[in-house]
Amino acid sequence: MGAGKDSSAFTITLNGEPYRVDGEARLSALIAALKMRPTRIAVELNREVVPKADYDKTILKAGDQLEIINFVGGG
Amino acid sequence: MTQDSPFKIASKTFKSRLIVGTGKYKDFAETRSAVEESGAEIVTVAVRRVNITDRGKENLLDYLDPRRYQILPNTAGCYTAEEAIRTCRLAREVGVGDMVKLEVIGDEKTLFPDVPATIEAAKVLVKEGFKVLPYITDDPVTCLKLQEVGCVAVMPLAAPIGSGLGIRNPYNLAIIVEQAKVPVIVDAGVGTASDAAEAMELGCDGVLMNTAIAGAKDPLAMARAMKLGIEAGRIAYLSGRIEKKLYATASSPITGIVR
């Protein structure tokens, strides 16, 4: 095994910025780690909307482009 | 007394003909209070990236319960049909409904719609099952086209977004109302209660506004004024107003005058 470094970590682009995913690559785990509530958000992975029912079985990998949106005030 | 017909969009019925935006408020609490004062049942929201660094943050929907309000996500900030379509698909996945306010902006200064792009996006979205309410110019031909492609309402602008200029072309709006088979909702440019009343007196089915309320010195008071203005305008419209005449007709009898 490698010395010290977590070899399972990788980088994705999250909302336009690089984001390091450590440990669990499952989308639902990332959402929980970010303290987001699924009922308030929607997710797009590599330009495809991810149905909420699939959050648990969607596995992220290096280079993925993730967009997580919510509703804010607007006219 | 004259009875009003129900305000229906797609197959949903609403009691209030006032639709309000949620932007430009001081905070979520003020947003909620203003919406409550307005009596609106439909509120627009914008679709934006979640702030990743701001953990455990409150959300707008914590203040505007989607079970109580029809949430109408807009595609503000979209300058192409593709961007608007992408935004709508994401918005629908939040899971509070499939009604969307379609905006494809053509110009940064005026925020006027890109008409061809709006029609193009509407076609795609309708096919995907969205209930599309397009923000559009006060052009009767375009409004007919949007209805033909299956939009559930048309939302012609009164004046540029946030301008407060009121209805600049009541004649066009009257034509749009006459030709429409779907609800006509004036959206953008309303400034004060008389503007909202004027829209209703022209026969429009509803009015959508944001800045007029949020930007007023007393937003809660203006919200209430708008609610009353919409109601007054609607009743006046249904009452069958008098004709406009060039000359006078006395209101008091012309016989029996003491001389």
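Worth saying up front: this structure is predicted, and the values here are computed from it rather than measured. The chains referred to below are lettered A, B, ... by the order of the sequence lines, with proteins before strands, and numbering in each begins at 1. Every heavy atom of this structure was used, including side-chain atoms; hydrogens, water molecules and symmetry mates were not.
Ala91(B) touches chain A through backbone and side chain together, each having a heavy atom under 4.5 Å away. For Val20(B), no part lies near chain A; criterion is any non-hydrogen pair under 4.5 Å. Looking at Lys101(B), the atoms closer than 4.5 Å to chain A (heavy atoms on both sides) all sit in the side chain, from C-beta outward. Interface remark: Val49(A) contributes side-chain atoms only to the contact with chain B (heavy atom separation under 4.5 Å).
In this structure, CD1 on Ile41(A) lies 14.5 Å from CZ on Arg49(B), to the nearest 0.5 angstrom. If you take CD1 on Ile68(A) and CG on Leu90(B), they are separated by 10.5 Å, rounding to the nearest 0.5 Å. With rounding to the nearest 0.5 Å, the separation of CD in Glu67(A) from CZ in Arg48(B) is 12.0 Å.
When every heavy atom of Phe71(A) is checked against every heavy atom of Leu60(B), the shortest pair comes out as O-CB, 3.9 Å. Residues Gly73(A) and Ala46(B) approach most closely at O-CB, 3.8 Å, considering heavy atoms.
Listed by sequence position, Leu61(B), Asp62(B), Ile71(B), Pro73(B) are the residues of residues 61-73 of chain B in contact with chain A, using a 4.5 angstrom heavy-atom cutoff.
Using a cutoff of 4.0 Å between basic side-chain nitrogens and carboxylate oxygens, Glu44(A) and Arg86(B) are scored as salt-bridged. Under 4.0 Å is where a charged nitrogen must lie from a carboxylate oxygen, and between Arg47(A) and Glu82(B) at least one such pair does. Checked for salt-bridge contact, Lys52(A) and Glu93(B) miss the test: no charged N lies under 4.0 Å from a carboxylate O.
Side chain of Asn74(B) to main chain of Gly75(A): a donor-acceptor pair is present (N/O by atom type, distance under 3.5 Å, no hydrogens or angles). In this structure, Asn15(A) contributes its side chain and Ile52(B) its backbone to no donor-acceptor pair below 3.5 Å.
A 4.5 Å side-chain heavy-atom check between Asn59(B) and Asn70(A) finds at least one atom pair inside the cut-off. Annotation: side chain of Val94(B) is in contact with side chain of Ile69(A) (closest heavy-atom distance under 4.5 Å).
Enclosure of atom CZ in Arg32(B) by more than 12 non-hydrogen atoms of other residues, nucleotides or ligands within 6.0 angstrom is indicated.
Residue with the most contacts toward chain A among Leu208(B), Thr87(B), Val50(B), Val96(B): Val50(B) (heavy-atom pairs, distance under 4.5 Å). The residue among Val45(B), Thr211(B), Asn210(B) with the most heavy atom pairs within less than 4.5 Å of chain A is Val45(B).
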